[in-house]
Amino acid sequence: MSADFSWIKPAPHGIYVEPADCWVDPSQAVDNALVTHGHADHARGGHGATIATPETLAIMKLRYRTGAEDENGEIPTKATPVAYGETIRLKGGVDATYIPAGHVLGSAQILLEHAGEKIIVTGDYKRRHDPTCPPFKVTKCDVLITEATFGLPVFTHPPISGEIAKITERLAAYPDACVLVGAYALGKAQRVIAELRAAGHMDPIYLHGAMEKMCRLYQEHGVDLGELRLVSDHSKDDMRGAVVVAPPSAMNDRWSRRLPDPITAMASGWMRVRQRARQRNVELPLIISDHADWTELTQTIRDVDPQESWITHGREEALLRWCQLNQRRARALAMVGREEEDE
Amino acid sequence: MNEFAALIDALVYTRSRNEKLRLIAEYLRNTSDPDRGWALAALTDGLDFPAVKSSTIRNAMKERVDPVLWTLSRDFVGDTAETASLLWPEPIADQPEAPGVSEAVSLLSAMTRANVLTELPALLDRLDSSGRYALLKLATGAMRIGISARLGKTAFAQAFGVSVDDVEEYWHALKPPYSGLFEWAADGGEPPDTENIPLFRPFMLAHPLEDTIVSMDEYAAEWKWDGIRVQLVHVAGQTRLYSRSGDDISATFPELLSALEIPAVLDGELLVRGTAQGGEEGGAASFNALQQRLGRKTVSKKMLAEAPAFVRLYDAINIEGDDLRALPWENRRARLEEFVPRLPESHFDISQIVEAEDFAQLAKIREGTRDDAIEGLMLKKRDAPYIAGRKTGLWYKWKRDPLLIDCVMMYAQRGSGKRSSFYSDYTFGCWNGDPDQGAELLPVGKAYSGFTDAELKKLDKFVRQNTLNRFGPVREVEKSMVLEIAFDSVHSSKRHKSGLAMRFPRIHRIRWDKPAHEADRIDNLKALMRD
Ligand SMILES: [Zn+2]
Ligand SMILES: [Zn+2]
């Protein structure tokens, strides 16, 4: 590895931007954090200052009270919004630009520029259409720090329309049951609901309590989710023939006993592998992911065409191998706390 | 193939046994012959296509996918057929339509080692990802989707409203695609003829005794021998030897075929002559000695002379055409005792009854079984008929307590199937001396059971956080985790660096509390050896 780009220092708990004394997506509390998006393996509370898109800051305010006043009327974490396409000048002559990543509401790639060098931290991203956020924007740079959650060639996510149809077909076949879709509370749940609406499913959709606030936040940001109801406000019979959305942790929980004959579905890229679905007791696997699949990851490296790719956050080995086979310089960064992300 | 693939996918994701039965029954009713017969064979006994092996799939893939990417993918997915079905490149040119099950079976049967690497890809090109998965599973003979042969037969019985016991009985008289079975059950034809065929009869099986206490007036006790359960059948001049699962293992033990010349169906334990079990007089060798003879398709003269096999009989299902299954155990035993003297002593004896006044005395006898018989005791209800399967309260196995030893985890590997995302197979070792004086760990065994799901998660986490080295799917770990290993016996072995091999090692307890240097030494394990 050449001595270039030495102003940026990948560490196990985040990416350190030395001249600006700030971290990208640190997994520990730091003085200055740049945050790509609101998922827990990227965003956390307790930083001195957080710079993120307004949408991500809204999510972090909801989850971690980022930018909110404490009981003394003080704001422990200062929040600085940067809209898509805007650039913020940091200390030490570093410019940070937030670019859409197409992952979830507010998700951004962060372009860092210093001394004529351009480095992009993608955070999480995908290249598919998503009605809940603007699409990934290809941006040229010298170093692309890319995620690799689904960095194995077995992962090719099918078109979402077919997966959404599995839900509606199952409901048609079992009109007295309900389809319980396990989906992460931030991003996946709202995307599944928005795609159901786009497919013409206009019936009320029932939510687990843990979903409510995030869905509300999406609606406030102009994402149309149609009529949403809370499971706790309704009887079993109300929910026959309906779609119910809950976080994956609630699926095999006692909570689901209040549902009428639930057919358990799970919306996740991992559902591509049968044994993964079986492990989670899923009856209706839906291969829906907010991460880039193998084709998207490799296409993105081709499109961005950086001098170097730094791979993090998932199955680095295979993507590293692909880079090697395609004569592209690459290295793997070891990050802690990211392997467990389960989206 | 599409309907079969859809069935396989539905079965993979179905938890309820009743729903599985319903899905299979529905498929069997709605599918025509002989497709449904081949499908049933694939679900139950499995089909064998000599030219198509797991290695064939790997070789076909390596021509299409970078070998490193293939290996990484295979390690993650945990199943060769599934990995290949996901990675198979979609064909560019238009393809003939997807084959039916029978067409696929006849194409697979026609493949040879010489043409399989062109013929199999041509077949895969005609299928989508689900179809490829089903085809590769069917072709390599291992569905592993949680469907037992018994479940398949029960579904067949349910589909056509016939008795599952009848299905079991006729099953072994027929070969895939079981046309006689479908003619009888689905089309109201005559039942298949089973009179003059050396058929396998399903075994009567035992439950573990656990905490139950039984009266010795109602139950008889026998040693539980450490060999393999077999059924020897002679009818119409033919003799067959079947294993516990009903596999025909006649070729592996030819000396037994000529030893039975009277029509009979006998149940017993296959053992090799020796002294480790049952002492000098008429004793048997350890399982280790028997193992040298298992799984062979042909046997050398030397092997026959060095490790002669015999059957220790404990039940009779049929003697000279009399079906004895409805009789109480006591009466069958009496018939067996009368019959055994008519058999050559060289190849048969009878499993002795263990006499005990009461259960307490029997418990004492069991304590001492380590010298007499490796495995423990069997308890059989005196008035019970011979009933196929495992019916509660009729037969119990009362294994002796396992041996225990503290070992240190050395390597871990991902499991297969449902456990493919967990490091669930552990290689562990004992010290070859004093660890504080620089002794090393030598691997002594491998275990992948004995822990709860919650413990598995913790072990998996330990492996991930304490990895020293990666060798493909194997991780070498920090030598700090002590595992208390339970095992049935330990024998000398040339295959292992430590010179020892354990039987049935499993994790008994995870010793989070114990420092690694306090784990046992090889010498402690050697002291438990009995060969
Ligand atoms: Zn994310
Ligand atoms: Zn992430």
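Just so we're on the same page: letters track the sequence lines, and every chain starts at 1.
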Colleague: Tell me, for B/S16 versus chain A, whether the close heavy atoms (under 4.5 Å) come from the side chain, the backbone, both or neither.
Modeller: neither
Colleague: Can you see which heavy atom on B/F76 is nearest to which on A/R315, and at what distance?
Modeller: CE1-NH1, 3.6 Å
Colleague: I want to check a possible cation-pi pair here: A/R274 against B/Y133, using under 6.0 Å from ring centre and within 45° of the ring axis as the test.
Modeller: yes
Colleague: State whether the number of non-hydrogen atoms from other residues, nucleotides or ligands found under 6.0 Å of A/Y16 atom OH is greater than 12.
Modeller: yes
Colleague: Could you check whether atom CD of B/E97 has more than 12 heavy atoms from other residues, nucleotides or ligands sitting under 6.0 Å from it?
Modeller: no
Colleague: Please classify the contact between A/V154 and chain B as side chain, backbone, both or neither, with a heavy-atom cut-off of under 4.5 Å.
Modeller: both
Colleague: Select one option (side chain, backbone, both, neither) describing which atoms of B/Q465 are under 4.5 Å from chain A's heavy atoms.
Modeller: neither
Colleague: Take atom CG in B/N30; do more than 12 heavy atoms of anything else shown fall under 6.0 Å from it?
Modeller: yes
Colleague: Between atom OG1 of B/T71 and atom CZ of A/R321, what is the distance when rounded to the nearest 0.5 Å?
Modeller: 9.5 Å
Colleague: Please report the interatomic distance CG(B/L87) to CH2(A/W294), rounded to the nearest 0.5 Å.
Modeller: 9.5 Å
Colleague: Check the pair A/R272, B/L86 against side-chain contact (heavy atoms from CB on, under 4.5 Å), reporting the backbone distance first and the verdict last.
Modeller: CA-CA 9 Å; A/R272 173 91 169 144; B/L86 294 173; 3.4 Å; yes
Colleague: Between B/T14 and chain A, which part of the residue has a heavy atom less than 4.5 Å away: side chain, backbone, both or neither?
Modeller: neither
Colleague: Count the heavy atoms of every other residue, nucleotide or ligand shown that sit under 6.0 Å from NZ of B/K446, and state whether that count exceeds 12.
Modeller: no
Colleague: To the nearest 0.5 Å, how far apart are CH2 in A/W322 and CG in B/D66?
Modeller: 12.5 Å
Colleague: Quick check on A/K9: does its NZ atom have over 12 non-hydrogen neighbours (other residues, nucleotides or ligands) under 6.0 Å away?
Modeller: yes
Colleague: If you measure from CG on A/L152 to CG on B/L69, what distance do you get to the nearest 0.5 Å?
Modeller: 8.0 Å
Colleague: Is it the side chain or the backbone of B/D453 that comes within 4.5 Å of chain A heavy atoms, both, or neither?
Modeller: neither
Colleague: Test side-chain hydrogen bond (donor to acceptor under 3.5 Å, both in side chains) on A/T264 and B/R15; report intermediate values, then the result.
Modeller: CA-CA 11 Å; A/T264 50; B/R15 277 171 286 174; 3.2 Å; yes
